> 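The structure's right below; bear with me while I get my questions together.
Position 1 is the first residue of the sequence, and the numbers go up from there. Just so it is clear, the model here is predicted, and its values are computed rather than measured.
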Amino acid sequence: MAHQAHAFHMVDPSPWPLMGAAAAFLLTSGLAAWFHFNTTLILALGLTLTILTMYQWWRDIVREGTFQGHHTLPVQKSLRYGMILFITSEVFFFIGFFWAFYDASLVPTPEVGETWPPTGITPLNPFEVPLLNTAVLLASGVSVTWAHHSIMQGDRKGAIQALLLTILLGLYFTVLQAIEYYEAPFSIADGIYGTTFFVATGFHGLHVIIGSLFLLTCLARQLFFHFTSQHHFGFEAAAWYWHFVDVVWLFLYISIYWWGS
């Protein structure tokens, strides 16, 4: 950046936003085609394009921040604001699901038997797999904080171990939730209870998968010596996101699994 008289990053033209938009269009169209016509060709194409976009866009940003020196202090400050606004938007995304749940459960209508859970629904026991999943996610929040402190102290080995542990806990959570879904005595088609349960917990599960990929990317970057004790916002963003996922799960557990049962 020696030729610039300022510390800001003038982003070069990139094909990835357009490619990402096309991938998102194919994903939604592919899901509709899968649901209505039982064909997965468009969905597979959308997933492939999404993965290619993710890899190439992330590669470019890592190159800009790690090797080209574009992520100066003012740029990092802007990235922090951007991540905070993104997480804020995610908070409101989940508020919509909680609003739907409490709107249906606080004053149950005659259609559901004027009771919650609705008549005919057998809810999951909140003190079995859901409680275990809560412990797993809380433990992962501790381990990601351990990774953060290790990076700040220059403890490369500790950071790698903590990141690996966090990713394994995220994977364990996902497997447990998949088993829970498979064995659930109700489905997404079972009225407002099934809809609010599976949409809220399902989107949270998707966020756990995305957060695990985020942390896996950070683990790879840590192995390639990309992070220093003073320059590691890529990891900080992943840690913020993971803590957000933890907090949302606590609200989901208390509201839907415990109180809602």
> First locate atom CG of D60, then atom OG of S14, and finally report the distance between them rounded to the nearest 0.5 Å.
6.0 Å
> So do the side chains of S229 and I151 get within less than 4.5 Å of each other, counting heavy atoms only?
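No. Closest side-chain heavy atoms not under 4.5 Å.
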> If you compare all heavy atoms of G141 against all heavy atoms of W242, which two are closest, and at what distance to 0.1 Å?
N-NE1, 4.2 Å
> What heavy-atom pair brings G170 and V208 nearest, and what distance separates the two atoms?
O-CG1, 3.8 Å
> To check you understand the geometry: which heavy-atom pair defines the closest contact between H231 and H71, and what is its length?
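Where H231 meets H71 most closely, the heavy atoms are CE1-O, 3.2 Å.
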> Yes or no on side chain to side chain contact (heavy atoms under 4.5 Å, CB included) for W58 and Q56, after CA distance, side-chain angles and deciding distance?
CA-CA 6 Å; W58 294 354; Q56 292 171 112; over 6 Å; no
> What distance separates C218 SG from L213 CG, expressed to the nearest 0.5 Å?
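The SG atom of C218 sits 11.0 Å away from the CG atom of L213.
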> Which residues pass the side chain to side chain donor-acceptor pair (under 3.5 Å) test with E180, not counting sequence neighbours?
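Only Y257 meet the side chain to side chain donor-acceptor pair (under 3.5 Å) criterion with E180.
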> Do L49 and M19 have side-chain heavy atoms sitting under 4.5 Å apart?
yes
> Is there a side-chain contact between H243 and T145 (heavy atoms, below 4.5 Å)?
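Answer yes - side chains close enough.
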> Do F97 and F251 share a hydrophobic cluster, counting only Ile, Leu, Val, Met, Phe, Trp and Tyr and linking them when any side-chain heavy atoms are less than 4.5 Å apart?
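Yes: a chain of side-chain contacts under 4.5 Å links F97 to F251.
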> If you round to the nearest 0.5 Å, how far is NE2 of H70 from CD of E64?
6.0 Å
> Does the side chain of S150 come under 3.5 Å of the side chain of R156 through a donor N or O and an acceptor N or O?
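Not at all, the side chains of S150 and R156 share no donor-acceptor pair under 3.5 Å.
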> Counting distance only, does the side-chain N/O of T66 pair as donor-acceptor with the main-chain N or O of R63 below 3.5 Å?
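Flag not set: sc T66 to bb R63 has no pair under 3.5 Å.
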> Do the non-hydrogen side-chain atoms of F67 and H226 ever get within less than 4.5 Å of each other?
yes
> Starting from F101, can I reach V107 by hopping between I/L/V/M/F/W/Y residues whose side chains sit under 4.5 Å apart?
yes
> Are a donor atom and an acceptor atom from the side chains of W249 and N133 found within less than 3.5 Å of each other?
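The answer is no; no qualifying pair exists.
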> Do Q222 and H232 have side-chain atoms, one donor and one acceptor, less than 3.5 Å apart?
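Checked: Q222/H232 side chains show no N/O donor-acceptor pair below 3.5 Å.
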> In the single-linkage hydrophobic clustering (I, L, V, M, F, W, Y; side-chain heavy atoms under 4.5 Å), do I84 and F94 co-cluster?
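Result: yes, single cluster for both.
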> When Ile, Leu, Val, Met, Phe, Trp and Tyr are grouped by side-chain heavy atoms lying under 4.5 Å apart, directly or through other members, which residues fall in the same group as L47?
L27, L31, W34, F35, L43
> In terms of ring plane angle, is the pair Y241 and F244 parallel, tilted or perpendicular, where the classes change at 30° and 60°?
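It falls in the tilted class, 30° to 60°.
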> How about F235 and H148: are their ring centres within less than 6.0 Å of each other?
yes
> Are more than 12 heavy atoms, taken from residues, nucleotides or ligands other than F25, located less than 6.0 Å from that residue's CZ atom?
no
> Under 3.5 Å, is there a donor-acceptor pair between the side chain of S29 and the main chain of L26?
no
> Show every donor-acceptor pair shorter than 3.5 Å between a side-chain atom in residues 113-132 and any protein atom, with sequence neighbours excluded, or say none if there are none.
unit_1 : atom_1 : unit_2 : atom_2 : d
N125   : OD1    : F127   : N      : 2.9
N125   : ND2    : E128   : OE2    : 3.4

> Determine whether V248 and L252 make a side-chain contact, defined as any pair of heavy atoms from C-beta on separated by less than 4.5 Å.
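Yes, their side chains come closer than 4.5 Å.
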> Side chains of residues 191-204: which donor-acceptor pairs under 3.5 Å do they make with residues two or more places apart or in other chains?
unit_1 : atom_1 : unit_2 : atom_2 : d
T195   : OG1    : I188   : O      : 3.4
T195   : OG1    : G191   : O      : 2.9
T196   : OG1    : I192   : O      : 2.8
T196   : OG1    : Y193   : O      : 3.2
T201   : OG1    : Y181   : OH     : 2.6
T201   : OG1    : F197   : O      : 2.6
H204   : NE2    : V245   : O      : 3.0

> Could you check whether T109 and E111, counting side-chain N and O atoms only, form a donor-acceptor pair closer than 3.5 Å?
yes
> State yes or no: are the ring centers of Y253 and W259 separated by less than 6.0 Å?
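Ring-ring flag for Y253/W259: false, centres at least 6.0 Å apart.
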> How long is the straight-line distance from CG of L73 back to CD of Q230, given to the nearest 0.5 Å?
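It is 9.5 Å, given to the nearest 0.5 Å.
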> Quick check: is L137 connected to L250 through a chain of hydrophobic side chains (ILVMFWY, heavy atoms under 4.5 Å apart)?
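Unlinked, L250 and L137 end up in two clusters.
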> Looking only at heavy atoms, what is the nearest atom pair of L169 and V136, with distance?
O-CG1, 3.3 Å
> Nearest 0.5 Å, what's the CG-CD1 distance between L216 and I209?
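Nearest 0.5 Å value for the CG-CD1 distance: 13.0 Å.
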> Between D190 and S187 (side chain of the first, backbone of the second, donor and acceptor by atom type, cut-off under 3.5 Å), is there such a pair?
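Answer holds: yes.
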> Are F98 and F92 linked, directly or through other ILVMFWY residues, by side chains that come within less than 4.5 angstrom of each other?
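Looking at the clustering, F92 is in the same group as F98.
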> Can you measure from CZ (F173) to OG (S212) and round to the nearest 0.5 angstrom?
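The CZ atom of F173 sits 9.5 Å away from the OG atom of S212.
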> Within the structure provided, determine whether E236 and R80 are in side-chain contact (heavy-atom separation under 4.5 Å).
yes
> Inspect the surroundings of OH in Y172 and state if more than 12 heavy atoms from other residues, nucleotides or ligands are less than 6.0 Å away.
no
> Take a 6.0 Å sphere around CG of L106 and say whether it holds more than 12 heavy atoms from other residues, nucleotides or ligands.
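More than 12 heavy atoms, drawn from other residues, nucleotides or ligands, come within 6.0 Å of this atom.
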> Does the gap between the ring centers of F214 and H207 come in under 6.0 Å?
no
> By side chain to side chain donor-acceptor pair (under 3.5 Å), which residues pair with T50, not counting sequence neighbours?
none
> List for me each residue that meets side chain to side chain donor-acceptor pair (under 3.5 Å) alongside H149, sequence neighbours excluded, and say none if there are none.
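With neighbours one apart ignored, the set is empty.
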> To check you understand the geometry: which heavy-atom pair defines the closest contact between A7 and V75, and what is its length?
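Closest approach of A7 to V75, heavy atoms only: O-CG2, 3.6 Å.
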> With a 6.0 Å cut-off (strictly less than), is the heavy-atom count around CH2 of W16, excluding the residue itself, greater than 12?
yes
> What is the minimum heavy-atom distance between T166 and V144, and which atoms define it?
OG1-N, 3.4 Å
> With a 4.5 Å limit on heavy-atom distance, are the side chains of M83 and I87 in contact?
yes
